[in-house]
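Starting from 1, each residue takes its place in the sequence as its number.
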Amino acid sequence: MMGWVDTDVCVAGGGPAGMMLGLLLARRGLAVTVLEKHPDFLRDFRGDTVHPSTLDVVDELGLGARMAEVPHRDVDTLQFTFADGAYRVADFSRLRVAHPYIRFMPQWDFLDVLADAAEELPTFRLLRGHEVTDVVTEGGVVRGVRARGPQGPVTVTARLTVAADGRGSVVRATAGLPVREFGAPMDVMWFRLTRPAGAASGLGGHVGPGQLVLLIDRGDYWQAAYVIAKGTGDVVRAAGIEAFRAAVAGVVPSLAGVVVELRTWDDVRMLTVRLDRLRRWWTPGLLCIGDAAHAMSPVGGVGINLAVQDAVCAARMLAGPLLAGSISPRDLAAVQARRRLPTVGTQLLQRAAQRFVVAPALSGDGPVHAPAALRLLTRFPALQAVPARLVGVGLRPEHVGP
């Protein structure tokens with residue numbers, strides 16, 4: 001690999017936002033270089049939810065058949081169990097869309113589908129194992145990035161640089177873009193357990209005194225999330241894995257026979273929850289999208305889908321100016337302006353859920369009963385289409401366009 005690459009668009013980060021943007025721009029004939037710091041996509045307990053709006057985009061790209069071949073699980077209901085019973089929160093089957101369900105599939109499989117399609121294009125280049133360390137600036141304009149690669153340092157220069165390198169974005173930090181933090185009352189401990197034959201299907205949450213467990217139906221196993229109060233991970237670990245197993249089984253008694261599969265803390269992954277948003281997503285020559293622009297709470301599992309929608313919007317709005325030979329700050333600001341409503345609106349809904357559902361559940365020491373709003377959804381099932389649409393379709397779904 002040469003130490004210098006010149007391209008039309010440099011994308012830092014090979015996650016859902018970066019790979020989708022790279023594929024879309026390369027399809028327009030632009031030279032695109034995507035830098036991914038890992039040698040592959042194989043990392044567990046990343047966001048694995050692919051929502052109806054994203055599946056629509058995949059169809060528009062002509063990749064629906066490829067995606068369907070990847071092992072997956074389609075789930076159309078979400079319910080929560082409280083001390084006073086089980087309540088269905090969302091029914092995706094009520095949506096009038098092509099894919100009325102949430103698809104769960106390993107993120108690495110989703111990314112492989114995008115990467116394989118992109119690498120069929122002559123103007124696309126994916127540099128695996130290249131970690132971005134800094135941005136290249138000239139006269140106050142971002143002109144590319146510097147990275148560490150398997151064969152040494154690499155500089156990539158471009159007319160447009162896109163930060164899609166996640167919530168810990170090196171690019172946005174080195175570019176000095178200010179972040180607005182909103183905070184979150186919880187962190188999440190992820191693990192997987194065998195799902196016995198005949199177990200309840202779908203996506204379900206279980207709320208106990210000071211505890212919350214989310215179970216994602218992955219066919220022959222549960223992908224489970226044990227939600228803890230913010231910053232208490234060390235306390236939970238100090239109590240020992242045996243106490244952790246007992247706590248999980250205490251909230252979900254049906255797991256008592258399989259929690260023994262959690263043998264050591266190596267079987268559990270910690271996600272530090274953040275909820276933030278850039279005040280300005282761009283600076284001359286640079287645009288941030290996905291988690292680099294707005295780290296989302298895991299509430300609703302919408303992170304991948306907002307990131308993909310950002311990428312679709314950016315590709316549709318910026319391909320023309322790039323093909324015409326120039327990209328202006330006004331063009332970059334227009335992308336943020338269009339994506340502001342779904343980002344701010346979704347984060348407001350997540351903050352409300354954290355404040356009125358998650359925080360009270362984690363702070364209580366007695367039986368937790370369902371909020372009145374959830375009881376209303378169960379009484380009038382047609383209303384379950386509302387949260388299903390907010391989660392599955394979003395406030396402003398984007399489309400690839402011609």
**Student:** Is R245 reaching over with its side chain to a backbone N or O of L262, donor-acceptor style, under 3.5 angstrom?
**Tutor:**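 Present.
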**Student:** For G301, does its backbone N or O pair with a side-chain atom of H51 as donor and acceptor, under 3.5 Å?
**Tutor:**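 Yes, H51 side chain to G301 backbone: donor-acceptor pair under 3.5 Å.
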**Student:** Can you confirm whether more than 12 heavy atoms, excluding those of R389, are under 6.0 Å from its CZ atom?
**Tutor:**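 No, because the 6.0 Å sphere around CZ of R389 holds 12 heavy atoms or fewer from other groups.
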**Student:** Using 0.5 Å steps for rounding, measure from the CG atom of D8 to the CG atom of L323.
**Tutor:**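 It comes to 8.0 Å.
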**Student:** How far does NE2 of H369 sit from CZ of R375, to the nearest 0.5 angstrom?
**Tutor:**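 CZ of R375 is found 8.5 Å from NE2 of H369.
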**Student:** Considering only NZ, NE, NH1 and NH2 on the basic side and carboxylate oxygens on the acidic side, decide whether R192 and D48 come within less than 4.0 Å.
**Tutor:**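 The answer is no: the pair does not qualify as a salt bridge.
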**Student:** To the nearest 0.5 Å, what is the distance between CZ on F110 and CE on M67?
**Tutor:**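 It comes to 4.5 Å.
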**Student:** Look only at the side chain of R94 and the backbone of P381, and say whether a donor-acceptor pair between them is shorter than 3.5 Å.
**Tutor:**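 Side chain of R94 to backbone of P381, a donor-acceptor pair under 3.5 Å: yes, one is there.
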**Student:** Using modelled atom types and a 3.5 Å cut-off, is there a donor and acceptor pairing between side-chain atoms of R159 and backbone atoms of L322?
**Tutor:**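 Side chain of R159 to backbone of L322, a donor-acceptor pair under 3.5 Å: yes, one is there.
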**Student:** How far apart are the C-alpha atoms of F92 and V97, what are their side-chain angles, what is the distance that settles it, and do they pass the side-chain contact (heavy atoms from CB on, under 4.5 Å) test?
**Tutor:** CA-CA 9 Å; F92 296 94; V97 295; over 6 Å; no
**Student:** Within a radius of less than 6.0 Å around CZ of R280, do more than 12 heavy atoms belonging to other residues, nucleotides or ligands occur?
**Tutor:**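 Yes, enclosed.
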**Student:** Would you call E120 and R66 a salt bridge, using N to O less than 4.0 angstrom?
**Tutor:**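 Yes, charged N to carboxylate O under 4.0 Å.
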**Student:** Do D187 and T272 get their side chains close enough for a donor-acceptor pair, meaning under 3.5 Å?
**Tutor:**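 No, because no side-chain N or O of D187 sits under 3.5 Å from a partner of the opposite role on T272.
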**Student:** For A293 versus C288, what's the shortest heavy-atom pair and its separation?
**Tutor:**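 That would be CB-O, 3.5 Å.
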**Student:** Under a 4.0 Å threshold between the charged nitrogen and the carboxylate oxygen, would R103 count as salt-bridged to D74?
**Tutor:**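 Yes.
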**Student:** If the test is side-chain hydrogen bond (donor to acceptor under 3.5 Å, both in side chains), which one of Q350, R351, Q354 qualifies with S297?
**Tutor:**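 Running side-chain hydrogen bond (donor to acceptor under 3.5 Å, both in side chains) over Q350, R351, Q354 with S297 returns exactly one hit, Q354.
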**Student:** Ignoring hydrogens and geometry, is there a side-chain-to-backbone donor-acceptor pair from Q211 to V251 under 3.5 Å?
**Tutor:**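 No.
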**Student:** Short question: side chain of R316, backbone of H399 - any donor-acceptor pair under 3.5 Å?
**Tutor:**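 Indeed, once roles are kept as given, a pair shorter than 3.5 Å links the two residues.
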**Student:** For V11 and G18, work out which heavy atoms get closest and say how close.
**Tutor:**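 Shortest heavy-atom separation between V11 and G18 comes out as CG1-CA, 3.6 Å.
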**Student:** Which heavy atom in V358 sits nearest to a heavy atom in P185, and how many Å separate them?
**Tutor:**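 Answer, listing the atom of V358 first, then P185: CG1-CG, 4.3 Å.
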**Student:** Does any N or O in the side chain of T123 come within less than 3.5 Å of the main-chain N or O of L30, such that one atom is a donor and the other an acceptor?
**Tutor:**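 Confirmed, T123 side chain pairs with L30 backbone.
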**Student:** Distance from L35 atom CG to R146 atom CZ, nearest 0.5 Å?
**Tutor:**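 Interatomic distance, L35 CG to R146 CZ, rounded to 0.5 Å: 13.5 Å.
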**Student:** Angle class for the F244/W265 ring planes (parallel below 30°, perpendicular above 60°, tilted otherwise)?
**Tutor:**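 Rings of F244 and W265: tilted, 30 to 60°.
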**Student:** Could you measure the distance from the CE atom of M19 to the CD atom of E119? Nearest 0.5 Å is fine.
**Tutor:**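 Rounded to the nearest 0.5 Å, the CE-CD separation comes out at 6.5 Å.
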**Student:** Which class fits the ring pair F82 and F80: parallel under 30°, tilted 30 to 60°, perpendicular over 60°?
**Tutor:**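 Aromatic pair F82/F80 classed tilted.
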**Student:** Determine the sole option in V34, V113, L63 for which the side-chain contact (heavy atoms from CB on, under 4.5 Å) test with L23 is passed.
**Tutor:**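 So, applying the side-chain contact (heavy atoms from CB on, under 4.5 Å) to L23 and each of V34, V113, L63, only L63 qualifies.
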**Student:** Is a side-chain N or O of Q151 found less than 3.5 angstrom from the main chain of G3, in a donor-acceptor match?
**Tutor:**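 Not a single qualifying donor-acceptor pair exists.
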**Student:** When rounded to the nearest 0.5 angstrom, what distance separates CD in E398 from CD in Q309?
**Tutor:**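 Output value for this atom pair is 6.0 Å.
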**Student:** So, is the end of the R269 side chain (NZ or CZ) under 6.0 Å from the ring centre of W190 and within 45° of the ring's axis?
**Tutor:**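 Pair R269/W190 does not count as cation-pi.
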**Student:** Using a 3.5 Å distance criterion without hydrogens, assess whether the side chain of D165 forms a donor-acceptor pair with backbone atoms of V170.
**Tutor:**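 Looks like yes, one N/O pair under 3.5 Å.
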**Student:** For A314 and L287, which heavy atoms make the closest approach, and how far apart are they?
**Tutor:**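 Looking at all heavy atoms of both residues, the shortest contact is CB-CD2, 4.1 Å.
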**Student:** Donor-acceptor check, side chain of D291 to backbone of G166, threshold 3.5 angstrom: yes or no?
**Tutor:**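 Side chain of D291 to backbone of G166: no pair is present.
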**Student:** Does either side chain, that of D331 or that of S328, offer a donor lying less than 3.5 Å from an acceptor on the other one?
**Tutor:**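 Note: D331 and S328 side chains meet the donor-acceptor criterion.
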